[in-house]
Amino acid sequence: ENKRLPTDRVKHHNEIRHNSAKVALRRFARKEATMSIDFIIASLATLNSERDWMQLNPFLDEETCEAIMNVTAILVLRANRIAHVNRTCDAANDLREWVGKAMAYPRQFLNEADVKASPQL
């Protein structure tokens, strides 16, 4: 039996390898754009992001573009949550510092209304 691939498939495979090598060489020579994370995040706000990505990289298909969009959205949301947690931790540390200073403030300098409002001081 002849287990050789049909000529059409061999030509197609060679064409893909040729195009892939061409894109890789152009990127290495800085003649081809690469998709930075900044570009990908910014393109989330556009309606034509998949088309733009496929123009930059002809080997991307719609399924891969959709996966990139989903992962990028998750990445942005997670980074946003981390930023919120960091701000909350900073606020809690500031509050602890202020409470510590208030507790160290001598009672004789507090006016009578303040003492009645917060007897634990």
Side-chain angles (χ1 to χ4, degrees):
E1 282 182 43
N2 187 356
K3 292 188 177 184
R4 295 183 64 175
L5 292 173
T7 307
D8 297 359
R9 293 183 79 192
V10 171
K11 285 181 184 178
H12 179 70
H13 180 71
N14 286 340
E15 184 178 319
I16 289 173
R17 286 182 50 203
H18 172 76
N19 288 339
S20 179
K22 190 166 111 178
V23 169
L25 288 171
R26 288 183 56 80
R27 284 190 179 152
F28 182 75
R30 297 189 187 270
K31 299 290 183 185
E32 182 79 30
T34 57
M35 293 194 315
S36 68
I37 189 67
D38 297 336
F39 174 75
I40 293 171
I41 290 172
S43 64
L44 284 177
T46 67
L47 296 175
N48 301 321
S49 57
E50 289 183 14
R51 187 191 55 161
D52 295 341
W53 294 349
M54 286 191 267
Q55 284 178 348
L56 283 175
N57 185 344
F59 301 104
L60 289 175
D61 57 11
E62 287 183 21
E63 186 177 298
T64 304
C65 288
E66 187 175 333
I68 292 170
M69 287 181 71
N70 291 338
V71 168
T72 305
I74 290 168
L75 173 96
V76 170
L77 291 172
R78 179 160 293 177
N80 192 20
R81 278 188 232 130
I82 290 169
H84 283 294
V85 167
N86 286 336
R87 281 196 296 274
T88 303
C89 289
D90 288 343
N93 285 333
D94 290 344
L95 179 62
R96 184 177 14 176
E97 184 179 321
W98 294 338
V99 168
K101 286 179 182 178
M103 295 300 285
Y105 197 72
R107 287 182 72 84
Q108 70 239 26
F109 294 117
L110 295 174
N111 67 35
E112 206 169 302
D114 290 338
V115 173
K116 288 179 184 174
S118 54
Q120 282 80 20
L121 291 178

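All values below come from the heavy atoms of this structure, side chains included, with hydrogens, waters and symmetry mates left out.
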Does CG belonging to L47 count more than 12 external heavy atoms closer than 6.0 Å?
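Open: at most 12 neighbouring heavy atoms sit under 6.0 Å from CG of L47.
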Distance, nearest 0.5 Å, that separates [atom1] of [X] from [atom2] of [Y]:
X: N19; Y: I16; atom1: CG; atom2: CD1; result: 8.0 Å
X: L60; Y: Q55; atom1: CG; atom2: CD; result: 11.5 Å
X: N70; Y: L75; atom1: CG; atom2: CG; result: 12.5 Å
X: N93; Y: T88; atom1: CG; atom2: OG1; result: 11.0 Å
X: R78; Y: R81; atom1: CZ; atom2: CZ; result: 6.5 Å

For [X] against [Y], the heavy-atom pair lying closest together:
X: E62; Y: M54; value: CG-CE, 3.9 Å
X: L44; Y: M69; value: CD2-O, 3.9 Å
X: I40; Y: S43; value: O-OG, 2.8 Å

Tell me whether V71 is reachable from W53 by hopping between hydrophobic residues (I, L, V, M, F, W, Y) whose side-chain heavy atoms are closer than 4.5 Å.
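Cluster IDs for W53 and V71 differ.
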Donor + acceptor pair across side chains of D52, S49 (<3.5 Å):
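Not at all, the side chains of D52 and S49 share no donor-acceptor pair under 3.5 Å.
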